[in-house]
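Okay, structure first, notes after.
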Amino acid sequence: MENDQSLFANQAIKTNIARWYAIQVASSCEKKVKATLEQRAITLGVSDRIIEIEIPQTPAVKLKKDGSRQTTEEKVFPGYVLVRMVLDEDTMMAVRSTPNVINFVGAEDRRATGKARGHIKPRPLSRQEVNRIFKRAAEKKTVVKLDVEEGDQIVVTAGPFKDFQGEVIEVSGERNKLKALLSIFGRETPVELEFSQITKQN
């Protein structure tokens, strides 16, 4: 009984000092790293110190070239996995030796000579950073991704120019907008549109 109480007390202390760390991983390997690290944490006996592994995501709608829409998930930080863990030699080794893990995000410890590259010292995320990241994922603001390029023909599906047709002359993916030439009163007129307002013609 006493041993059980000691174990629970020890567990509570470990949970209290667990911090979130950002782990850089190989491109498009976030889910693979998460699954592998979860399994390795159990195998290596550090699952009580590697507590959570998250890939913050937000909903997205991809407009395909054929005009259809595909619901998907967009990673908030592609190339990174967040791990809440108690940092010690064992947990660091478990993370660093997981396939497709590049390194922790942190500060580089320069060696005494100042010439050779040193090791990366993991830097825990601040409470503000953690709150901002998970708030962004929790907002579930749909990101619209469009598979169109300059020269494509589109039809406007919503807004004041609904049913107008035109040609894409500029795509601004980061703003979820494009500019298209629409024939308005017999004149080709450039109009800025949201991705969600158009569909691509076959």
(request) Supply the atom-to-atom distance Ile169 CD1 to Leu181 CG, rounded to the nearest 0.5 angstrom. (result) 4.0 Å

(message) Using the rule side chain to side chain contact (heavy atoms under 4.5 Å, CB included), only one of Thr36, Val25, Leu37, Val33 pairs with Pro99; which is it?
(response) Thr36

(message) Can you confirm whether Pro122 sits close enough to Arg96 that some side-chain heavy atom of one is under 4.5 Å from a side-chain heavy atom of the other?
(response) yes

(message) For residues Val81 and Ile102: do they belong to one hydrophobic cluster (side chain heavy atoms under 4.5 Å, members Ile, Leu, Val, Met, Phe, Trp, Tyr)?
(response) no

(message) So, taking the atom named CG in Asp163 and the one named OG1 in Thr157, what distance separates them when rounded to the nearest 0.5 Å?
(response) 9.0 Å

(request) Locate the shortest heavy-atom distance separating Gln197 from Gly159; write the atom from each residue and the value. (result) NE2-CA, 3.9 Å

(message) Between Leu178 and Val148, is there a side-chain heavy-atom distance shorter than 4.5 Å?
(response) yes

(request) Could you tell me whether the side chain of Phe104 reaches within less than 4.5 Å of the side chain of Val95, counting heavy atoms only? (result) yes

(request) To the nearest 0.5 angstrom, please state how far the NZ atom of Lys121 sits from the CG atom of Leu87. (result) 9.5 Å

(request) Considering non-hydrogen atoms only, spot the tightest contact between Ala18 and Ile51 and give its length. (result) CB-CD1, 3.5 Å

(request) Search all heavy atoms of Phe161 against all heavy atoms of Val156 and return the closest pair with its distance. (result) O-CB, 3.2 Å

(message) Looking at Lys177 and Glu192, is any side-chain nitrogen of the basic one under 4.0 Å from a carboxylate oxygen of the acidic one?
(response) yes

(message) Apply side chain to side chain donor-acceptor pair (under 3.5 Å) to residues Arg49 and Thr91 and explain how you reach the verdict.
(response) CA-CA 7 Å; Arg49 286 167 281 163; Thr91 54; 5.8 Å; no

(message) Ignoring hydrogens, what is the shortest heavy-atom contact between Lys162 and Ala158? Give both atom names and the distance.
(response) CG-N, 4.1 Å

(message) Hydrophobic clusters here meaning ILVMFWY residues chained together by side-chain heavy-atom distances under 4.5 Å, can you tell me if Val130 and Val105 are in one?
(response) yes

(request) Using modelled atom types only, decide if a donor and an acceptor are shared between the side chain of Ser126 and the backbone of Glu129 within a distance under 3.5 Å. (result) yes

(request) Spell out, yes or no, whether Val191 and Phe164 are grouped together once hydrophobic residues are joined by side-chain heavy atoms under 4.5 Å, including indirect joins. (result) yes

(request) Find the distance between CD1 (Ile50) and CE (Met92) and round it off to the nearest 0.5 Å. (result) 11.0 Å

(request) Apply side chain to side chain contact (heavy atoms under 4.5 Å, CB included) to Thr98 and Arg40, showing your working. (result) CA-CA 8 Å; Thr98 298; Arg40 283 171 53 80; 3.1 Å; yes

(request) List the steps, then state whether side chain to side chain contact (heavy atoms under 4.5 Å, CB included) holds for Leu193 with Ile154. (result) CA-CA 11 Å; Leu193 300 162; Ile154 55 102; 4.2 Å; yes

(request) Measure across Ala94 and Leu44 and return the closest heavy-atom pair with its distance rounded to 0.1 Å. (result) CB-CD1, 3.8 Å

(request) Mark yes or no for whether Asp152, through its side chain, and Glu149, through its backbone, hold a donor-acceptor pair below 3.5 Å. (result) yes

(request) Group every Ile, Leu, Val, Met, Phe, Trp and Tyr by side-chain heavy-atom contacts under 4.5 Å, then state whether Ile198 and Val171 land in the same group. (result) yes

(request) Hey, could you give me the CZ/CD distance between Phe134 and Glu54, rounded to the nearest 0.5 Å? (result) 5.0 Å

(message) Test your reading of the model: is there a side-chain donor-acceptor pair from Glu30 to the backbone of Gly79, 3.5 Å cut-off?
(response) yes

(request) To the nearest 0.5 Å, tell me how far Lys31 NZ sits from Asn100 CG. (result) 15.0 Å

(message) If we check side chain to side chain contact (heavy atoms under 4.5 Å, CB included) with Leu82, which of these qualifies: Ile23, Ile133, Ile53, Ile55?
(response) Ile133

(request) Decide yes or no on side chain to side chain contact (heavy atoms under 4.5 Å, CB included) for Glu38 and Lys34, but give the supporting numbers first. (result) CA-CA 6 Å; Glu38 284 173 345; Lys34 181 176 188 289; 2.9 Å; yes

(message) Would you say that Gln201 contacts Gln165 through its side chain, given a criterion of any heavy-atom pair below 4.5 Å between the two side chains?
(response) yes

(request) Start with the C-alpha distance between Tyr21 and Arg123, add both sets of side-chain angles, then the distance that settles side chain to side chain contact (heavy atoms under 4.5 Å, CB included), and finish with yes or no. (result) CA-CA 7 Å; Tyr21 294 86; Arg123 181 183 67 83; 6.0 Å; no

